[in-house]
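Predicted model only: the values in this text are computed from it and were never measured.
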Amino acid sequence: MIKINFTSEVDAGQVQEILRDIAKDPMGGWLHLPKKFDIGEFARIHEAAKKIQEESEYLVCIGIGGSYLGHRAVIESLRPKSETKIIYAGNSLSKRELDWALDKVGDHDFSINVISKSGTTLEPAIAFAAFKDKLVEKYGTEEAYQRIYATTDAKKGELHDEAVANGYARFVVPNNIGGRFSVLTAVGLLPMAVAGVDIDKLLEGASDAVTSVVEPAVQYAYMRYALDSKGYDTEMFASFEPATVFFNEWLKQLFGESEGKDKRGILPDSVIYSTDLHSLGQYIQDGRRNLFETIIDYPTDEMNAKVVSAVRTAHTAGGIPVLNIAVSSFDEKGFGELIYFFELACAISAKLIGVNPFDQPGVEAYKAELKKLL
């Protein structure tokens, strides 16, 4: 269960209206997903993960943004044990990074999970072309296509059409769930299962959270809204576990893309303590007072717990509002709860400031300009 150390004034009627709006939104499918997950799709994910583990030393996960950040966050946080290792590609346009990933796979047995709703996003499209060529060169066309798993739109798009034509195994990016809210769909579940994450327990935690985290998520959203109205326009997500650095990155995308519109929204940033106490710590303690801190308090050892307490005391004394979110367990169930908690809190937060949590017009603007240049 998620626990918080603060309370805020909440308009119960407004909350109910917001929750109804989210449930009715064409992109609100994540709201009840953990309790309504397609059983057949879930079984196919398990079967595919087992096959990949049996025949591949590496799974190359190709995607960008919400197509990779969520599952990478969980995998790198939990560090599960699996003989099949995950390599990420298609999340930048750096040729150096792509060459590194190709060299890392080398002559090892591998499979590909390409994750893209449309198949037209440039970064993953380039990486997929390179790794598909490598796959065909190693195994021949027929076997290569049996090693490609496409997570994409159910009915249309370039990747969907290619997957159908070539017989790739296909998994669905639901039409009613956007990328940054998709970690609990096949987008995240397949690579997590291959990496050794217990996805049954992950969904169990998220399913429990559908009812258990509503109150703390509402409290957190309203506290953020109150701080924003007082000029605290930057939120520093703070963790004391280095393995959770990509969970912080997922949070930055989740809140940044959901709230950063119409010249509104709190700027999300993140730190890992105690490491960053020796770099950004000075600024946080004595710099501009426009930021507040959200400590994600994972269960930890005695020494780390003392650091958490010291930071909370010092930063509060320095004039920084400090919010504390205590996570019940550092395992799949705990992360299932935490993912759903932040998804719900983020959607409510965006609604409170009057922006659509589920679009990203600024991202589309950059894509349009890049297409002109290319």
Problem set entry | Evaluation steps, salt bridge (charged side-chain N to carboxylate O under 4.0 Å, His left out), between Glu47 and Lys50 | CA-CA 5 Å; Glu47 290 170 6; Lys50 183 179 180 182; over 6 Å; no

Exercise. Just by modelled atom types, is the Ile266 backbone N or O under 3.5 Å from a matching donor or acceptor in the Arg224 side chain?
Worked result: no

Seminar exercise, completed: Closest non-hydrogen contact found for Leu352 with Ala221 is CD1-O, 3.8 Å

Exercise. Are Phe335 and Phe330 an aromatic pair by the rule of ring centers under 6.0 Å?
Worked result: yes

For this session: Could you pull out the closest heavy-atom pair between Ile177 and Ser182, with the gap in Å?
Result: CG2-CA, 3.9 Å

Exercise. Are side-chain N/O atoms of Glu241 and Thr300 paired as donor and acceptor at under 3.5 Å?
Worked result: yes

For this session: Kindly confirm or rule out a cation-pi arrangement of Arg147 over Phe110, judged by NZ or CZ under 6.0 Å from the six-membered ring centre and within 45° of its axis?
Result: no

Problem set entry | Lys138/Asp107 ion pair, N-O < 4.0 Å | yes

Problem set entry | Gap separating the CD atom of Gln146 from the CD atom of Glu143, nearest 0.5 angstrom | 6.5 Å

Exercise. So which heavy atom on Phe358 is nearest to which on Asn356, and how close?
Worked result: N-OD1, 2.9 Å

Problem set entry | Check: Ser67 main-chain N/O paired with His71 side-chain donor or acceptor under 3.5 Å | yes

Table please: side-chain donor-acceptor pairs of residues 123-135 below 3.5 Å, with sequence neighbours left out.
| residue | atom | partner | partner atom | Å |
| --- | --- | --- | --- | --- |
| Glu123 | OE2 | Tyr366 | OH | 2.6 |
| Lys132 | NZ | Glu162 | OE2 | 2.6 |
| Lys134 | NZ | Gly106 | O | 3.0 |

Problem set entry | Distance-only side-chain donor-acceptor flag, Glu293 / Tyr232, under 3.5 Å | no

For this session: Quick one: do Asp208 and Lys333 satisfy salt bridge (charged side-chain N to carboxylate O under 4.0 Å, His left out)? Show the steps, please.
Result: CA-CA 9 Å; Asp208 291 346; Lys333 188 173 181 180; 3.4 Å; yes

Problem set entry | side-chain hydrogen bond (donor to acceptor under 3.5 Å, both in side chains) evaluation trace for Glu158 with Thr120 | CA-CA 7 Å; Glu158 287 191 17; Thr120 60; 6.0 Å; no

Exercise. Are any side-chain N or O atoms of Ser82 and backbone N or O atoms of Val194, one a donor and one an acceptor, separated by less than 3.5 Å?
Worked result: yes

For this session: Using only heavy-atom distances, determine whether the side chains of Ser328 and Glu337 contain a donor-acceptor pair under 3.5 Å.
Result: yes

Seminar exercise, completed: Between Leu184 and Leu189, the two heavy atoms sitting closest are O-CD1, 3.5 Å

Exercise. Within the side chain of Asp359, is there an N or O that forms a donor-acceptor pair under 3.5 Å with the backbone of Pro361?
Worked result: no

For this session: Look at the side chain of Asp331 and the backbone N and O of Gly334, then say whether any donor-acceptor pair between them is shorter than 3.5 Å.
Result: yes

For this session: Check step by step if salt bridge (charged side-chain N to carboxylate O under 4.0 Å, His left out) holds for Glu249 and Lys252.
Result: CA-CA 5 Å; Glu249 293 301 309; Lys252 284 153 68 174; 2.9 Å; yes

For this session: Compare every heavy atom of Ile75 with every heavy atom of Pro191, then report the nearest pair and how far apart it is.
Result: O-CD1, 3.8 Å

Problem set entry | Euclidean distance, Leu254 CG relative to Asn248 CG, rounded to 0.5 Å | 12.0 Å

Exercise. Are any non-hydrogen side-chain atoms of Ile353 and Asp228 less than 4.5 angstrom apart?
Worked result: yes

Exercise. In Å, rounded to the nearest 0.5 Å, how long is the span from CG of Leu31 to OH of Tyr340?
Worked result: 4.0 Å

Exercise. When clusters are formed by joining ILVMFWY residues with side-chain heavy atoms under 4.5 Å apart, either directly or through shared neighbours, do Val245 and Val271 land in the same one?
Worked result: no

For this session: Report, as yes or no, whether the 6.0 Å neighbourhood of atom CD on Glu55 holds more than 12 heavy atoms from other residues, nucleotides or ligands.
Result: yes

Exercise. Do Ile115 and Ile87 sit in the same hydrophobic cluster, where Ile, Leu, Val, Met, Phe, Trp and Tyr count as joined when their side-chain heavy atoms come under 4.5 Å apart?
Worked result: no

Exercise. So, are Lys156 and Asp161 salt-bridged, with charged N and O less than 4.0 Å apart?
Worked result: no

Problem set entry | Cationic N near anionic O, under 4.0 Å, Arg96 to Asp99 | no

Exercise. Would you say the side-chain atoms of Arg180 and Ser258 include a donor-acceptor pair closer than 3.5 Å?
Worked result: yes

Exercise. Do Thr244 and Ser239 have a side chain donor and acceptor closer than 3.5 Å?
Worked result: yes

Exercise. Should the ring pair Phe247 and Trp250 be called parallel, tilted or perpendicular, given that the plane angle runs from 0 to 90° and is split at 30 and 60?
Worked result: tilted

For this session: Answer yes when Arg44 and Glu41 have at least one side-chain N-carboxylate O distance shorter than 4.0 Å, and no when they do not.
Result: yes

Exercise. Can Ser92 and Glu97 be counted as having a side-chain donor-acceptor contact under 3.5 angstrom?
Worked result: no

Exercise. Within a radius of less than 6.0 Å around OH of Tyr225, do more than 12 heavy atoms belonging to other residues, nucleotides or ligands occur?
Worked result: no

Exercise. Hey, is the main chain of Gln360 close enough, under 3.5 Å, to the side chain of Lys261 for a donor-acceptor pair?
Worked result: no

Exercise. Just how far is it from atom CD1 of Ile296 to atom CZ of Phe341, taken to the nearest 0.5 Å?
Worked result: 9.0 Å

For this session: Could you check whether the rings of Phe181 and Trp30 sit parallel, tilted or perpendicular, using 30° and 60° as the cut-offs?
Result: parallel

Seminar exercise, completed: Between Val307 and Ser274, the two heavy atoms sitting closest are CG1-CB, 4.2 Å

Problem set entry | Side chain to side chain, Glu332 and Leu78, heavy atoms closer than 4.5 Å | yes

Exercise. Any side-chain donor-acceptor pair under 3.5 Å between Lys117 and Asn175?
Worked result: yes

Problem set entry | Short side-chain donor-acceptor distance under 3.5 Å, Tyr222 and Asp11 | no

For this session: Please round to the nearest 0.5 Å and tell me the distance separating atom CG of Leu190 and atom NE2 of His46.
Result: 10.5 Å

Exercise. Salt bridge between Arg264 and Glu259, side-chain N to carboxylate O under 4.0 Å?
Worked result: no

Exercise. Which class fits the ring pair Phe171 and Tyr149: parallel under 30°, tilted 30 to 60°, perpendicular over 60°?
Worked result: parallel

Seminar exercise, completed: Output for pair (Tyr88 OH, Tyr68 OH), nearest 0.5 Å, gives 9.0 Å

For this session: Indicate whether any N or O donor in one side chain lies under 3.5 Å from an N or O acceptor in the other, for Thr84 and Gln53.
Result: no

